[in-house]
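Everything below concerns the one structure shown next.
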Amino acid sequence: MRVKICGLTQAQQAVAIADLGATALGFICVSSSPRYIEPQQIQHICTQLPPSVDRIGVFVNATLEQIKSTVTLGHLTGIQLHGNEDPLFCQILRQNLPQIELIKAFRVRTPETLTQIAAYQTCVDTLLLDAYHPHQFGGTGHTLDWQDLKSFTPPLPWFLAGGLTPDNIEQALQSLSPQGIDLSSGVELQPGDKDLEKVRRLLQTLGRCTSNLNP
Ligand SMILES: O=C(O)c1ccccc1N[C@@H]1O[C@H](COP(=O)(O)O)[C@@H](O)[C@H]1O
């Protein structure tokens, strides 16, 4: 399973979290977020990471030029689109950055939100489901209704996000079978400052519950 820890701002923590076994690290490129990080700092962190770790930039309604320059400077391997980006914008991004993984996030307000996914099927690589919040785009700590998602059979691999913690991950994965999970506020001391003990506990729990799921 892919394990993405999002909202990194410090190099030492990023390296430690990669060493603990996270498969992807996320960097918030949204200036209004308390987890915002400058492209130069992403570059500084990414040069210290093992090449096997995915490095994902998280954007909200950014321009093509902003995304391209951050990807190049930060040596990113993927882009998470967490705003209202439409399928045409995703297609244009794909043409401009063909080697980069495109992850489209959907903030699920009602079950109808999921009907939007079909239009993105051919222009992104991966989906991500996050909780809806009226005033925040992400990093809210709010969970989705996992029972409501039991019949979710998406056409692409997907990440479950939204309020996941070391304490609730087992219950989430008993309900759902995403290809990846994504955590931000559930493994931090304060925005942008990750709690390595919580990340360690998360990965221990995952090791235990994935071996129970696939004995
Ligand atoms: O974390 C942020 O500040 C953020 C800002 C703007 C867009 C997305 C953001 N984070 C994403 O939110 C989800 C879930 O976070 P949480 O675990 O509920 O705190 C995750 O995908 C982050 O990438």
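Just follow the structure's listing: the first ligand is 1, and inside any ligand the first atom is 1.
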Nearest-neighbour protein heavy atom for [atom], which is reported as residue plus atom name and distance:
| atom | result |
| --- | --- |
| atom 16 (P) of ligand 1 | Ser185 OG, 3.6 Å |
| atom 17 (O) of ligand 1 | Ser184 N, 3.0 Å |
| atom 13 (C) of ligand 1 | Asp130 OD2, 3.3 Å |
| atom 3 (O) of ligand 1 | Ser33 OG, 2.6 Å |
| atom 1 (O) of ligand 1 | Arg35 NH1, 3.2 Å |
| atom 23 (O) of ligand 1 | Cys6 SG, 2.9 Å |

Atoms of ligand 1 less than 4.0 Å from [X] heavy atoms?
| X | result |
| --- | --- |
| Ala161 | 21 (O) |
| Gly139 | 1 (O), 2 (C), 4 (C), 9 (C), 10 (N), 11 (C), 12 (O), 13 (C), 14 (C), 15 (O), 16 (P), 19 (O) |
| Lys4 | 23 (O) |
| Gly162 | 14 (C), 18 (O) |
| Thr140 | 18 (O), 19 (O) |
| Asp182 | 20 (C), 21 (O), 22 (C), 23 (O) |

Item checked: Lys/Arg N to Asp/Glu carboxylate O, Asp125 vs Lys104, below 4.0 Å ->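 Between Lys104 and Asp125 there is no salt bridge, as every charged N stays at least 4.0 Å from the carboxylate O atoms.
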
Is there any side chain to side chain donor-acceptor pair (under 3.5 Å) pair reaching into residues 146-159, and which pairs are they, with sequence neighbours excluded?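 Output for this query lists Gln147-Ser175.
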
Looking at side-chain heavy atoms only, is the closest gap between [X] and [Y] below 4.5 Å?
| X | Y | value |
| --- | --- | --- |
| Pro39 | Phe27 | no |
| Phe159 | Leu127 | no |
| Val3 | Leu203 | yes |
| Ile181 | Ile169 | yes |

Which residues pass the side-chain hydrogen bond (donor to acceptor under 3.5 Å, both in side chains) test with Arg55, sequence neighbours left out?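 Applying side-chain hydrogen bond (donor to acceptor under 3.5 Å, both in side chains) to Arg55 gives none.
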
Between [Y] and [X], do the side chains contain a donor N or O and an acceptor N or O under 3.5 Å apart?
| X | Y | value |
| --- | --- | --- |
| Thr126 | Glu101 | yes |
| Gln80 | Lys4 | yes |
| Thr63 | Glu65 | no |

Report yes or no: does [X] have a heavy atom closer than 4.0 Å to ligand 1?
| X | result |
| --- | --- |
| Gly163 | yes |
| Gln136 | no |
| Gly141 | yes |

Report task. With side-chain contact (heavy atoms from CB on, under 4.5 Å) as the test, would you mind laying out the steps for Thr70 and Ile42 before giving the verdict? Result -> CA-CA 9 Å; Thr70 308; Ile42 301 177; 4.1 Å; yes

| message | If I apply the N/O under 3.5 Å rule, does Leu183 come out as touching ligand 1? | response |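 No.
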
Could you say whether the N/O atoms of His142 and ligand 1 ever approach to under 3.5 Å?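 The answer is no, given that His142 and ligand 1 share no N or O pair closer than 3.5 Å.
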
